Number of protein chains: 2
Amino acid sequence: MEDLPLARALTQALRLLVDEMHTRLAALGFEDLRPAHGYVLNAAAAPGGTTSSRVGELLGMTKQGAAKVVAELEAGRYVSRKGNGGDGRTRPVTLTAKGRRALAAAAAVQNELEAEWVELVGARDVKALRRVLHAVLDRGRDENGDLPPLRPTW
Amino acid sequence: MEDLPLARALTQALRLLVDEMHTRLAALGFEDLRPAHGYVLNAAAAPGGTTSSRVGELLGMTKQGAAKVVAELEAGRYVSRKGNGGDGRTRPVTLTAKGRRALAAAAAVQNELEAEWVELVGARDVKALRRVLHAVLDRGRDENGDLPPLRPTW
DNA sequence: TAACAGCAGACAACCGGGTTGTCTACTCTT
DNA sequence: AAGAGTAGACAACCCGGTTGTCTGCTGTTA
């Protein structure tokens, strides 16, 4: 148990986790999903869907950048942008059937991976890990109570 | 204690940590350092320094890409590339005095931040966090025993 | 009920951090 | 002495994002 700096250990562990997650998703037939996509799908699953602008805030990028990400997902038939839903300015982003399947697959893979971590180090330590992360995130909420953006800063 | 997916909690916590780290480094006068730079400085601190190619492996990018990162650090006077050190092919990358100061500052800030985490959730949970990360990383070593690259996949 | 500030989004140009591709110089075998 | 392998430089390119500008819709104020 050497003394790797926390940031370094977190970075590499997250990289392993994300890589493995997308390897498995690809094996399930979802080969064109990037990490950011999962979060967009998740946002689109909310009742009423989401909008490009809100995706931008979520991911920590401009609304124009987010619109491009959404366009990719639309091209892949994961989401659709129905015209108007009462407010003529917005074009709400909602899940297609394929999008729902992808989201379910992603959740299943996440559960698999977490179960493997539990098997590796025990439920007790994984619970502690969650406690730490949640505490840090809670402290890191901004004035509106929102969590930080999902994209790395690199 | 909701049930945020692990990948999501890790991503956002890491983002907070990295952002805060660089905010504090900037306050100490190191405003031109990106996250990747710290890892390069760290590698350059090894006896004999490092090389662009090895930096590439470490960060998970091509040697040409790594050479650009090293060139940035050289322009910022954090490292110098002395000509030849016995092997005429390599131009070893070593720390300047400024590079050593930056590295020491980074270490100090990391210690500060970890201490704040301990204060927030207790030493016991932070230890558990380390145990989990180390176990996952150990399992994730490749055939040569090397850890995964430091860059996110995004 | 008109004016106007504000927001969602589209479109186009650009940028920067990386990749790809190619080349030279050097070293290590044999 | 020759050939395979490695470190690095240089140039062209790419792609995921940003910046800047514009249109159309909404909601508030008067």
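We name chains A, B, ... by the order of the sequence lines, and we start the count at 1 in each one. The shown structure was predicted, so the numbers you read here are calculated from the model rather than taken from an experiment.
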Spacing between [X] atom [atom1] and [N] atom [atom2], to the nearest angstrom:
X	N	atom1	atom2	answer
L33(B)	dG17(C)	CG	P	14 Å
E57(A)	dG17(D)	CD	P	17 Å
K68(B)	dC15(C)	NZ	P	15 Å
R151(B)	dG16(C)	CZ	P	18 Å
K63(A)	dC22(D)	NZ	P	14 Å
M61(A)	dG16(C)	CE	C1'	15 Å
L73(B)	dG17(C)	CG	P	12 Å
E74(A)	dG9(C)	CD	C1'	13 Å

For the student: nearest non-hydrogen atoms of F30(B) and A105(B), plus distance: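 Heavy-atom minimum between the residues: CE1-CB, 3.7 Å.
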
Quick one: closest heavy-atom pair of L95(B) and R100(B), and the distance?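 Smallest heavy-atom distance, with atoms named: O-NH1, 3.5 Å.
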
From the options dG18(C), dA9(D), dA10(C), select the nucleotide whose nearest atom is closest to the side chain of R91(A).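 Given the options dG18(C), dA9(D), dA10(C), the side chain of R91(A) is closest to dA10(C).
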
What's the closest nucleotide to the side chain of T90(B) if the choices are dG20(D), dG18(C), dG8(D)?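 In terms of side-chain proximity for T90(B), the closest of dG20(D), dG18(C), dG8(D) is dG8(D).
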
Considering every strand and a 4.0 Å limit on heavy-atom distances, what is the contact class for [X]: base, sugar-phosphate, or nothing?
X	answer
R34(A)	sugar-phosphate
R81(B)	sugar-phosphate
T51(A)	sugar-phosphate
T62(B)	base

Short question: side chain of T96(B), backbone of Y78(B) - any donor-acceptor pair under 3.5 Å?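 Confirmed, T96(B) side chain pairs with Y78(B) backbone.
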
Is the distance from OP1 or OP2 of dG6(C) to the nearest side-chain N or O of R89(A) less than 4.0 Å?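 The answer is no; no side-chain N or O of R89(A) sits under 4.0 Å from OP1 or OP2.
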
Got a salt bridge between E20(B) and R24(B), using NZ or NE/NH1/NH2 to carboxylate O under 4.0 Å?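 Salt bridge flag = yes for R24(B) with E20(B).
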
Among R131(B), R130(B), K127(B), find the one that has a salt bridge (Lys or Arg N to Asp or Glu O under 4.0 Å) with D125(A).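 Of the listed residues R131(B), R130(B), K127(B), the salt bridge (Lys or Arg N to Asp or Glu O under 4.0 Å) partner of D125(A) is R131(B).
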
Earlier contact from the 5' end, DNA chain C, for E72(B) and Q64(B):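 Here E72(B) is the residue nearer the 5' end.
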
